[in-house]
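Everything below concerns the one structure shown next.
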Amino acid sequence: MTTRDENELAVEGLRPELKRTHYCGEVSEGDVGKRVVVNGWVHKVRDLGGLVFVDLRDRSGIVQLAVDAQQMPGLAARCKQLRSEFVVSATGKVELRPQETRRDEGGASAIEVRLESLALLSKADVPPFVVQDDVKAKDELRLRYRYLDLRRPVMARRLTTRHLAMQETRRVLSDAGFIEVETPFLIRSTPEGARDYLVPSRIKPGNFYALPQSPQLLKQLLMVGGIDRYFQMARCFRDEDLRANRQPEFTQIDIEMSFGDESDIFDVAERVTCAVYKRVLGVEMNRPFLTMTFDEAMSQYGSDCPDLRYDLKLSDVTDRFRDSSFAPFAKAIEAGERVVGLCVPGGSDYSRRVIESLSAIVRPLGVFGLVWVKLGPDGVKSSMKGETTGSFTESLAQRMGAKQGDILLLGSGQKLKLLAAMGRLRQHIAREAKLIPEGRYVPLWVTEFPLFEKDEETGEIVPMHHPFSGILPEDEPLLETDPLRVRGRLYDLVVNDQEIASGSVRIFDPELQHRVLKTVGIGEEEARRRFGFFLDALRFGTPPHCGIAFGFDRMVMQLCGVNSISEVIAFPKTTAASCLMTGAPAAVDDSVLEELGLRLERGRDKEVDK
RNA sequence: GGGGUCGUAGUUCAGCAUGGUUAGAACGCCGGCCUGUCACGCCGGAGGUCGCGGGUUCGAUCCCCGUCGACCCCGCCA
């Protein structure tokens, strides 16, 4: 055997002595002098000729291996053959790096592993993109080669955060007497508003299962079944168009309990939230969380998930402008519209251009022309020109709590639309002006949502949540007379600007359930046909019950400080709901279709993948 | 369903508004040199169906139409 052969890097199996003693990122100064074995992927080789450095990576981080060619010529020669993403086992002694070479700032390690032996466990093709936390590749590539993307330690950290949040949730709920029950994926379609994913039945051709949009009815049936306290890390499926924070399948922390009301749900949900934020971020949240009604949230913040990290409240100043000499608003009010304003502290120096850009935010939301009043150092200026008196603008400013140096921005429109638009404006200004403090997490309950809303297209009354949510007792008489004013026993948990969880006290009276279904146009016959099983159950002794579901992906997204849920899902789908890695969805063989009694409509099969 | 942005080397991008020699850069990759690198450095090299299809034109990466894919927004959806 020649020296050359000995130095050839050949793939070996994982002998016991090659198994790791440490994760790469966990070798520390405390290990100096120890012999360690690390397993991982070659992150980077820096071959200086007589000296070779290899950065070895695993999910915990990176450690530097060092070989001196003079001391270990064969080993150095072997290291020179390493390429990116080769999988190796490296054995060596942990050493402090020479003091003068520790000049890498930003958490550079003070130690390295003086290599004694190296085993190649797996070779690798040149990767399609460089695996590094600061990834340069586009989403398309990252998703196609997701397993390479996941090798980036930052991805492992996100999945670890997700894991921690999940474990913490399980611990808190289990300790509180909730038991985790799995519900089926292959179910009958339930009425929750979204489009179902369907699964054809082979045994009953022409029939379909639906994948659950959420386990809503099933968890209620668990309550009827006396389970009393249930939870589940539930996978949910909705066949709707995607967004940055929407995936066709996502995970809920699904919770339901019997013999309880809002206060019990708030208590348990707050305990879960506090525990998770504490465990993952070290953040303490004060309990009980703040509470406000939907009405308050909308009228003060223009959003049903108001961000309380900054102030900036909206004011309804309709009464000020009624009978005022400012015609545009006076007329709007006469037509039944409202006038809502936002006072921006220190905004009196906004240029025409800035104000125009702000108008551009609300215009597509149906608010035309933002009226402004500046309380500048050289007096009050207003886009209302001579149409209003100085005393009018002064009293308006006073009413809106404005002071010297502020600007008032006012718009008119139909109440909810206007508030939503002004809320968007509020959010935009807060972001631009950097009013949003980092690292703060402000939880809030929003309650008393309207139970129904009007479908803009059809004009029909539809449930805002789902048709199983209870009603505030005082609103019950309105059910038949003025359903849009009926408030539900609904609640959302908001953290910062995000809806984290949502739930309700359920209807447990079959009579009331029928009245609600009737209100949304589901007659007894249709109800029987679609979920008669559920209505039957209600008649066999239903405990009062209530529940909540956390949007788990969104919560983790917030915990990780990222702005897309795909970043916290191991194998996410694209905005076209396809998986670039596996190629799903894909065509199936005709024989499979035949077995299911299905035939594709001509023309619809032209786009199927190979 | 509608609107927007993008698609050029393995990757990230430039080039295209004003069509015309051999389509460039950086990183990565391959080879060589180099004993303290850590964005190593230096020398050399390979690498392109300009997403796909059609049209306009003497000529298209560039202009037009369509299509596919990715992302963002509205609709939709907790």
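Sequence lines set the chain letters: A, B, ... in the order given, protein chains first and strands last, and positions in each chain run from 1.
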query: In whole Å, what separates the P atom of B:C58 from that of B:C71?
result: 41 Å
State whether the distance check finds a donor on one side and an acceptor on the other, under 3.5 Å, for side chain [X] versus base [N].
X        : N     : value
A:Arg97  : B:U37 : yes
A:Arg243 : B:G75 : yes
A:Asp68  : B:G36 : no
A:Arg114 : B:G36 : yes
A:Glu112 : B:G36 : yes

Quick one: label [X] by what it contacts on the DNA or RNA (base, sugar-phosphate, nothing), any heavy atom closer than 4.0 Å.
X        : value
A:Ala244 : sugar-phosphate
A:Ala69  : nothing
A:Ser214 : nothing
A:Asp239 : nothing
A:Arg246 : base

- [ ] Answer yes if the side chains of A:Ser60 and A:Asp58 hold a donor-acceptor pair under 3.5 Å, and no otherwise.
- [x] yes
Whether the A:Arg426 and A:Ser303 side chains hold a donor-acceptor pair (N or O, under 3.5 Å, no angle test) is what I'd like checked.
no
query = Does A:Ser564 make a side-chain N or O approach to OP1 or OP2 of B:C71 shorter than 4.0 Å?
reply = no
For B:C77, take OP1 and OP2 only and decide whether either is under 4.0 Å from a side-chain N or O of A:Gln213. no
Walking RNA chain B from its 5' end, the first of A:Asn245 and A:Ala577 to be reached, judged by nearest nucleotide, is A:Ala577
Nearest-nucleotide check on RNA chain B, A:Arg195 vs A:Lys573; residue mapping nearer the 5' end is A:Lys573
**OP:** Please assess A:Glu116 against A:Arg114 for the test salt bridge (Lys or Arg N to Asp or Glu O under 4.0 Å), listing each intermediate value before the final yes or no.
**Re:** CA-CA 7 Å; A:Glu116 290 171 352; A:Arg114 178 66 50 175; over 6 Å; no
Smallest heavy-atom separation, A:Ala577 atom then A:Pro585 atom, equals O-CD, 3.9 Å
With centres under 5.5 Å and planes under 30°, do A:Phe53 and B:U37 count as stacked?
yes
A:Arg424 has its side chain closest, among B:G36, B:C74, B:A78, to B:C74
